[in-house]
Amino acid sequence: MLIDKALKRTFIAVLSNNMDISKNIKRIREAKGLSQKEVISAIAMGAAQYSRIENGKTDPSVSTLIKIAKALGVSMAELFIEKDALQDFNSVDTTLMERVSLIDGLTKEEQSTIFSILDAFVAKRKLKSTLKTVLQDME
């Protein structure tokens, strides 16, 4: 157990030296249109502690990073992505891109299932649009 905690602290320290996690967390939170209170509520953390994380005064533990990533709707890896990597996306685009990247990691069978569901929704939308046009033409 001690080794695990020490390893986690080392992991965070190394990553913190290379990237500013606190700025990334704040940037992603703001891009998603979330308040600090919403994130704090989702991760069940004190406001002061969360504020220290976002302001770079303390490094979050791995378990806290996992909770924050989940609350922000991003992968933990995305907390470490430099600002320029997502600069051209708004929060809706970012969420869509995150989901697309998650689909890429699924098995071929799982991807096929998702694509079948998407195809069904697109077909339904096209059918509704066609029926609406026909009904308007009849009037």
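Along the sequence shown, the residues carry numbers beginning at 1. Treat the numbers as computed from the prediction; the structure is a model and nothing was measured.
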**Item:** Inter-residue atom distance Ile40.CD1 - Ile68.CD1, 0.5 Å rounding
**Value:** 9.5 Å

**Asked** Can you check whether Lys108's main-chain N or O pairs, donor with acceptor, with Ser112's side chain at less than 3.5 Å?
**Response** no

**Request:** Report the distance from atom OG of Ser129 to atom NZ of Lys124, rounding to the nearest 0.5 Å.
**Result:** 14.0 Å

**Message:** Tell me which pairs pass salt bridge (Lys or Arg N to Asp or Glu O under 4.0 Å) where either residue lies in residues 38-54, with sequence neighbours left out.
**Reply:** Arg29-Glu54

**Request:** Measure the shortest side-chain to side-chain distance between Leu106 and Thr113 over non-hydrogen atoms and say whether it is less than 4.5 angstrom.
**Result:** no

**Prompt:** Sequence neighbours excluded, which residues qualify as salt bridge (Lys or Arg N to Asp or Glu O under 4.0 Å) partners of Lys23?
**Reply:** Asp20

**Message:** Within a 6.0 Å radius of atom CD on Gln136, are there more than 12 heavy atoms belonging to other residues, nucleotides or ligands?
**Reply:** yes

**Request:** Might you point out which heavy atoms bring Leu72 and Ile25 nearest each other, and give the distance in Å?
**Result:** CD1-O, 4.0 Å

**Request:** Measure the spacing between NZ of Lys57 and CD of Gln49 and express it to the nearest 0.5 Å.
**Result:** 12.5 Å

**Item:** Distance in Å, Lys26 NZ paired with Ser51 OG, rounded so as to fall on 0.5 Å steps
**Value:** 8.5 Å

**Prompt:** Are the side chain of Thr130 and the backbone N or O of Lys126 linked by a donor-acceptor pair below 3.5 Å?
**Reply:** yes

**Fill in**
Between the CD1 atom in Ile43 and the CG atom in Leu65, the distance rounded to the nearest 0.5 Å is 9.5 Å

**Request:** For Ser22 and Ile53, work out which heavy atoms get closest and say how close.
**Result:** CB-O, 2.9 Å

**Request:** Quick one: do Met138 and Val134 satisfy side-chain contact (heavy atoms from CB on, under 4.5 Å)? Show the steps, please.
**Result:** CA-CA 6 Å; Met138 291 178 67; Val134 168; 4.1 Å; yes

**Fill in**
Nearest heavy-atom approach of Val39 to Ala71 is CG1-CB, 4.3 Å

**Request:** Measure the spacing between CD1 of Ile66 and NZ of Lys70 and express it to the nearest 0.5 Å.
**Result:** 10.5 Å

